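Here's the structure, in C-alpha cells; my notes come after.
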Amino acid sequence: MQDPAGGERRPRRLPAMGFSIILLLCVIGLSQAAIEKIFNGTECVPHSQPWQVGLFEGTQLRCGGVLIDRRWVLTAAHCNGSRYWVRLGEHSLSGLDWTEQIRRSGFSATHPGYHGAQHSHDHDLRLLRLGLPIRITHSVQPLPLPTSCVEAGTRCHISGWGTTNHPWSPFPDRLQCLSLSIVPDTTCQDVFPGRITGNMVCAGGVAGADACQGDSGGPLVCDGVLQGLVSWGSVGPCGQDGIPGVYTKICNYVGWIKTVMRNN
Ligand code: ARG
C-alpha cells in the first residue's frame with residue numbers, strides 16, 4: 001500500500017530516540033508472558049492490520065484502537081484511561097517486530113452523548129490525539145472512515161490482542177483476526193431486548209465468532225473501511241452461539257469525528 005497522506009515529511013528523528021524505544025520494547029517484552037493462542041481467532045498475517053493500535057497503561061494492555069489519521073486514534077469511550085501508551089506497528093507484543101512506533105496519547109474527546117457502560121453503552125467512542133504524529137510505513141497506516149453504513153450479511157473482520165474464549169484467560173501475544181458477518185438489527189434486538197440503539201451495529205453470533213475482553217475499541221472492518229468499534233456483548237463467556245457482539249456504529253459519527261479532528 002502507498003502512503004495515502006503524502007503530505008509533510010518529518011525530519012529523521014534522533015537515533016537516541018529509536019534506541020530508547022527499542023529498550024522500552026525489550027523491557028515491556030520481557031514482562032509479558034508469551035502465551036499463545038486464543039479460541040477461534042487466528043493469528044493475523046503480520047502487519048496486515050496496520051491501523052490496529054494497542055492502548056497500554058504501563059505494560060498492561062487496556063484496549064484496542066484504530067488509527068484514522070497520522071495524529072488520531074479512535075477507541076471506545078469505556079476505554080477511559082487518562083493517558084495511554086499507544087503502540088502501533090505491532091504484531092507480537094513481546095517480540096521486536098522492528099516496525100513498532102510508540103506514542104503517548106494527550107488530548108482526548110469522549111463523545112458528549114456517552115454516559116457510561118452502566119447507563120446504556122450508547123455513543124461508545126472516544127478520540128485520542130497522539131503527542132507526535134505517526135510515520136506512515138508498511139506497518140502503520142490509517143484506516144478510512146466509511147461513507148455509508150454497512151448492510152446486514154456483509155462479511156467483515158475484527159482484530160485484537162484481547163482474549164476470545166473466556167473473560168480473564170491470558171491475552172495472546174500475537175494479533176488475532178476473525179471474520180464474521182453483520183447481523184440484522186432485528187435479530188440483535190431480539191437477543192438484547194431494549195438495549196440496541198441506532199448507534200450500534202451487531203456482528204457474529206455464530207459460536208466462536210466474537211470479540212472479548214481486551215479487544216474493546218478495536219476495529220470492525222468491512223470492505224476496507226471502519227464500520228465499528230468493539231463495544232460490548234454477552235455477559236459471561238464471549239463467542240456463545242446465537243449471541244452477537246455489539247459495536248459502535250461509526251457511520252453515524254463521521255461528522256463528529258471530523259469536526260473534533262479539525263478543531264483540535
Ligand atoms: N468491553 C470489552 C472490553 O472492554 C469488550 C467486550 C466485547 N465482548 C463481546 N462479547 N463481544 O474489552
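Predicted model only: the values in this text are computed from it and were never measured. When a ligand or atom number is given, it counts from 1 through the structure's own listing order.
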Go through the steps to decide whether Phe171 and Thr163 satisfy the test side chain to side chain contact (heavy atoms under 4.5 Å, CB included), and finish with yes or no. CA-CA 5 Å; Phe171 287 175; Thr163 174; 4.0 Å; yes

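Checking Asp173 against Ser94 by side-chain atom types alone, a donor-acceptor pair falls below 3.5 Å. A donor-acceptor contact closer than 3.5 angstrom is absent between the side chains of Asp97 and His91. Side chains of Arg155 and Ser181: a donor-acceptor N/O pair is present below 3.5 angstrom, by distance only.
Near ligand 1, His78, Asp210, Ala211, Cys212, Gln213, Gly214, Asp215, Ser216, Val230, Ser231, Trp232, Gly233, Ser234, Cys238, Gly245 each place a heavy atom less than 4.0 angstrom from the ligand.
Figure legend: cation-pi geometry between Arg103 and Trp85 absent, as NZ or CZ is not positioned both under 6.0 Å from the six-membered ring centre and within 45° of its axis.
Take His111 and apply the ring pair (Phe, Tyr, Trp, His ring centres under 6.0 Å) test, not counting sequence neighbours, and it matches His123, Tyr253, Trp256.
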